[in-house]
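Everything below concerns the one structure shown next.
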Amino acid sequence: MTVSPAAVRQRPAKPHPRLRRVGWILGAVGVVAIYVHAWRDIGASVGALVSGLGNLGNLIHRSVPPARDVLHASISASIVTLDTALIGTTIALFLSLLITPFAASNLSPHRLLYEGARIVIAFTRTIPSFIFALYLVTVVGLGPYAAALAIAVHSVGTLGKLFAETIEDMEMGPVDALRASGASRLQVFLHAVLPGVAPAFVSLTLYRFDVNVRDSLATGFVGGGGIGFLMFTSIQLFQYRAAATELLVLLVVLLAVERVSTVLRSRIV
Amino acid sequence: MTQAGRGLEAPRPAGAPALVVRDLHKSFRRNEPVLKGIDLDVRPGELVVVLGANGSGKSTLLRCAIRLIEPDSGRVELSGEDITAASGADLRRLRRNAAMIFQQIHLVRRRNALDNVTYGALGRISGMRSLSRRAFPDDVVESAWRSLERVGLAEKAWQRADTLSGGQAQRVAIARALCQQAQVILADEPVSSLDPRAADDVLALLAEIATSDGLAVACVLHQPDLARKYGTRIVGVAAGEVVFERSPTSITDADIAHLYHGELDDG
């Protein structure tokens with residue numbers, strides 16, 4: 001390899017090396033400052049963790065053996081949790097299917113409807129379901145019904161966003177073909193869009209169900225019933241042996257749901 | 001481009017044209033017109049081949065004709081009705097007069113061949129019955145079967161569209177167009193994704209449909225040989241203008257060279 005000196009002279013200099021270095025240093029100082037502030041803000045201390053290890057031992061000691069008498073109640077409360085997630089996810093599925101045609105930029109009939117649908121999705125998706133539950137228990141009363149509604153509202157946002165993105169990525173050819181033959185928007189949606197995206201929608205909904213089972217634990221803590229509520233109560237009353245049983249049942253249920261959801265999804269796609 | 005060749009030896013069957021395009025203009029970007037005042041007539045029983053190089057505007061012409069793309073100006077009549085001013089339900093009704101066939105075929109992949117053919121009739125199924133393919137009226141299903149038989153693929157009726165070969169899929173798309181019961185068929189490079197034999201079959205089918213069903217077929221093509229073999233009339237388009245109209249026997253190699261020379265000029 002021979003390079004003439006003239007060619008070397010023509011190579012452009014690396015742009016603004018000094019400015020860039022200053023930028024890096026300022027950035028690094030900023031990041032460190034944020035971490036220092038955050039560590040102090042939460043009152044974090046290694047000492048507290050070390051001296052607290054004794055408490056942890058005590059906690060474990062008070063949790064064994066898990067209480068047998070709450071086993072039956074734990075299982076039926078887990079089923080309530082599953083029911084909450086099922087009803088919540090199903091309501092969300094239908095509501096998202098209604099909102100999705102407006103929220104996908106390639107199908108939306110009007111800019112304003114698109115923006116409206118996107119605002120609904122952004123709002124419901126951003127706020128966690130247990131926050132919705134805090135409000136909904138005052139509307140329909142304490143219990144799993146409020147939890148299911150809260151999960152439904154939040155999932156409209158999460159499912160609606162994923163559904164709309166799926167439609168935006170889909171192949172538009174069949175849609176054009178049906179439009180060209182004089183089909184209406186609804187006909188195009190039902191016969192060209194849905195068949196193309198249905199497997200993805202089913203998969204996304206199953207995944208959402210899996211997530212919603214865990215979400216319905218948190219809605220349980222705030223009065224939504226189910227195994228979450230049971231555990232919250234046991235810990236508040238220092239009944240650690242009961243809490244241990246509930247935790248074990250919960251673990252089995254969550255692993256089972258995750259497994260079933262994964263297997264079903266792998267069959268679809 | 002000159003218009004020297006226009007009007008020479010263009011055989012025209014009797015009867016009013018089912019597709020009339022007048023002075024159609026379209027540009028996607030300012031000062032870069034794709035269509036510069038195209039005129040085109042297609043009469044029942046004709047297979048008019050629109051021949052031209054890449055970027056000559058011929059696909060845009062077909063899409064503008066049913067307003068999948070909005071033309072800037074000009075007029076399009078389908079079966080005597082002006083489609084250019086229509087909107088909403090009126091536009092959908094007028095679109096039913098022209099069936100489109102695409103290069104990429106565009107069947108709904110996860111549905112079987114018969115369902116795909118019935119989708120051609122969606123425009124004339126009204127109300128609730130159009131919402132599920134299981135509720136489609138019997139006469140629509142019957143016409144879908146007949147269309148599928150017409151293209152020789154009745155035995156593939158229950159096969160999913162994504163399992164058909166390219167040639168079979170395009171014939172199903174033609175059946176879908178037939179099931180639409182339009183007077184005009186617009187075919188946009190219908191054989192560009194097919195092997196030569198399937199290409200020949202598809203064009204033979206389109207030509208046969210034009211003559212025996214009396215449909216007006218406008219077909220955009222890249223292949224001069226197929227145009228000569230199956231076209232009843234050949235319209236050359238270059239740089240957004242019609243540069244000649246010829247019968248398949250009178251078209252010369254010089255005419256064709258002229259079209260593709262235009263492509264070089266455009267860069």
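Lettering follows sequence order; numbering is per chain, from 1. These numbers come from the heavy atoms of this one structure, side chains and all, not from hydrogens, waters or symmetry mates.
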**Request:** Identify which of A:G182, A:A183, A:A192 forms the greatest number of heavy-atom pairs closer than 4.5 Å to chain B.
**Result:**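 If we count pairs closer than 4.5 Å to chain B, A:G182 comes out on top.
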**Message:** Is it the case that atom CZ in A:F189 sees more than 12 heavy atoms from other parts of the structure closer than 6.0 Å?
**Reply:**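 Yes, the 6.0 Å shell around CZ holds more than 12 heavy atoms from other groups.
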**Prompt:** In this structure, are over 12 heavy atoms from other groups packed under 6.0 Å from B:F102 atom CZ?
**Reply:** yes
Donor-acceptor pairs under 3.5 Å, chain B to chain A, main chain and side chains both?
| residue | atom | partner | partner atom | Å |
| --- | --- | --- | --- | --- |
| B:R109 | NE | A:E171 | OE1 | 3.1 |
| B:L122 | O | A:Q187 | NE2 | 3.1 |
| B:I125 | O | A:Q187 | NE2 | 3.2 |
| B:S130 | O | A:H191 | NE2 | 2.6 |
| B:S130 | OG | A:Q187 | NE2 | 3.0 |

**Asked** Who passes side-chain hydrogen bond (donor to acceptor under 3.5 Å, both in side chains) against B:E142, sequence neighbours left out?
**Response**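 B:E142: side-chain hydrogen bond (donor to acceptor under 3.5 Å, both in side chains) contacts with B:R146.
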**Item:** Portion of B:A98 that has a non-hydrogen atom of chain A nearer than 4.5 angstrom
**Value:**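 The backbone, not the side chain.
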**Fill in**
From the list B:I66, B:L68, B:I105, the residue making the most non-hydrogen contacts under 4.5 Å with chain A is B:L68
**Request:** Give the minimum heavy-atom separation between A:L186 and B:L131, together with the two atoms involved.
**Result:** CD2-CD2, 3.5 Å
